[in-house]
Enquirer: 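Structure incoming, see below.
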Amino acid sequence: MKAAIFKGPYELTVDEYSLPKLDKSEVLIKVDVCGLCGTDFHIYSGEAPSRPPIIPGHEYVGTIVEKDKNAEGISIGDHVAIDPNIYCGECYYCRQGKINFCTNLKALGVTRHGGFAEYSIVPSSQVYLLPKDLPFKSAAFAEPLSCCVHGMDQASIRLGESVGIIGGGTIGLTMLQLVKISGAGKIILIEPVKSKREIAARLGADYTFDPNSEDIFAQIAELTSGGPDIIIECVGKSEAANLALKLTKKGGRIVVFGLSEKKDTMEVNLQNFFHKELEIKGSLLNPFTFGRSVELLATKKVNVEQFNPVQFNLDRLQDVLKGQRDFSVIKYQVSPN
Ligand SMILES: [Zn+2]
Ligand SMILES: [Zn+2]
């Protein structure tokens with residue numbers, strides 16, 4: 001089969017790869033769509049814990065075409081989404097129920113072969129059944145959505161609270177919809193790209209702001225009696241995290257969701273932190289949230305059609321990773337077959 005293989009920093013080629021035989025409880029998936037995300041760029045540049053050679057791609061969906069006899073509860077022909085994160089179940093954290101901190105964590109598309117390929121071998125424990133009327137290109141958002149669901153658990157929004165979302169990419173626009181479902185009061189989204197602010201407005205943001213425009217602090221403070229109760233940072237850059245610190249109301253909470261680069265930092269002024277009684281939380285991966293994510297897609301509570309994913313085949317993947325991309329595109333997806 002054809003697969004994109006990461007061979008080292010800035011080196012990815014599309015090669016023939018021969019699949020091994022299925023191991024116990026494994027299934028073979030014919031990949032329909034695999035989303036491209038920030039993590040793939042980190043892998044491509046060598047920043048992620050990914051040992052080449054490896055087939056990247058961790059946001060994928062497809063059809064079961066073969067299964068080991070021990071793989072139960074699924075049948076040939078089923079449409080499925082894949083939770084890429086494989087927890088060991090035995091380490092200290094797994095035994096505490098904090099599986100996202102698993103010290104033996106493996107991930108399809110990061111430490112094991114993933115979905116930028118025509119086929120992928122997956123342990124049946126990672127497979128989630130999809131309704132057949134859910135288009136694959138929508139279902140492929142299940143993985144990023146499952147991470148957002150954990151971010152929402154971390155934010156624990158109460159009815160009527162004001163929420164600021166920094167960033168209007170896939171994550172920010174997904175978070176926006178979850179924030180809306182959660183019963184927030186005023187929802188404010190901050191994003192420099194105009195077309196993304198327009199989508200945010202259509203998806204239910206009460207106010208959108210360009211971070212580079214003047215007096216956004218004064219305007220947001222006025223709308224929210226001093227600042228949003230909660231800020232969800234969905235960019236993964238120092239500027240965005242520091243903007244969150246400045247914007248949040250006294251007694252407010254910040255969820256740092258975006259995956260940053262190693263050099264990025266948040267500059268917390270201790271007096272400011274003290275006087276504001278700030279609460280700052282991170283959000284890592286998708287512990288026990290994948291099933292809920294599939295449910296939100298299946299019941300159309302989250303609208304991903306608005307994201308209008310742009311699809312291309314395996315051969316173009318390296319060009320996009322190299323930077324040949326349009327920043328107004330919300331989501332790129334690889335369609336390997
Ligand atoms: Zn991802
Ligand atoms: Zn573990």
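Whatever order the structure lists ligands and atoms in, that order sets their numbers, starting from 1.
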Enquirer: For a 4.5 angstrom cut-off between non-hydrogen side-chain atoms, does Asn242 reach Met266?
Expert: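 Answer yes - side chains close enough.
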Enquirer: Give a yes-or-no answer on whether the side chains of Asn70 and Ser25 include a donor-acceptor pair shorter than 3.5 Å.
Expert: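 Checked: Asn70/Ser25 side chains show no N/O donor-acceptor pair below 3.5 Å.
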Enquirer: Tell me which one of Tyr60, Phe136, Tyr128 satisfies ring pair (Phe, Tyr, Trp, His ring centres under 6.0 Å) with His79.
Expert: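 Testing His79 for a ring pair (Phe, Tyr, Trp, His ring centres under 6.0 Å) against Tyr60, Phe136, Tyr128 leaves exactly one candidate, Phe136.
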Enquirer: Using 4.0 Å as the upper bound for N to carboxylate O, is an ion pair formed by Arg112 and Glu26?
Expert: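 Answer for the salt bridge query: yes.
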Enquirer: Using a 4.5 Å cut-off on heavy atoms from C-beta on, say whether the side chain of His150 contacts that of Pro287.
Expert: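 Side-chain contact under 4.5 Å: yes.
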Enquirer: Using the Zn ion (ligand 2) as the apex, give the angle to atoms SG (Cys94) and SG (Cys102), rounded to 10 degrees.
Expert: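 SG of Cys94 and SG of Cys102 make an angle of 100° at the Zn ion (ligand 2), to the nearest 10°.
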Enquirer: In degrees, rounded to 10 degrees, what angle do Cys88 atom SG and Cys91 atom SG make at the Zn ion (ligand 2)?
Expert: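 Nearest ten degrees: 110°.
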Enquirer: How close do Gly57 and Asp40 get, heavy atom to heavy atom, and via which atoms?
Expert: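 Looking at all heavy atoms of both residues, the shortest contact is N-OD1, 3.7 Å.
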Enquirer: Output, by chain and residue number, all protein N/O/S atoms separated from the Zn ion (ligand 1) by less than 2.8 Å.
Expert: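 Atoms qualifying: Cys37 SG, His58 NE2, Glu59 OE2.
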Enquirer: Contact between Tyr92 and Thr103 at the side-chain level, heavy atoms closer than 4.5 Å - yes or no?
Expert: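 When only atoms from C-beta onward are counted, Thr103 and Tyr92 do not touch, as no gap falls below 4.5 Å.
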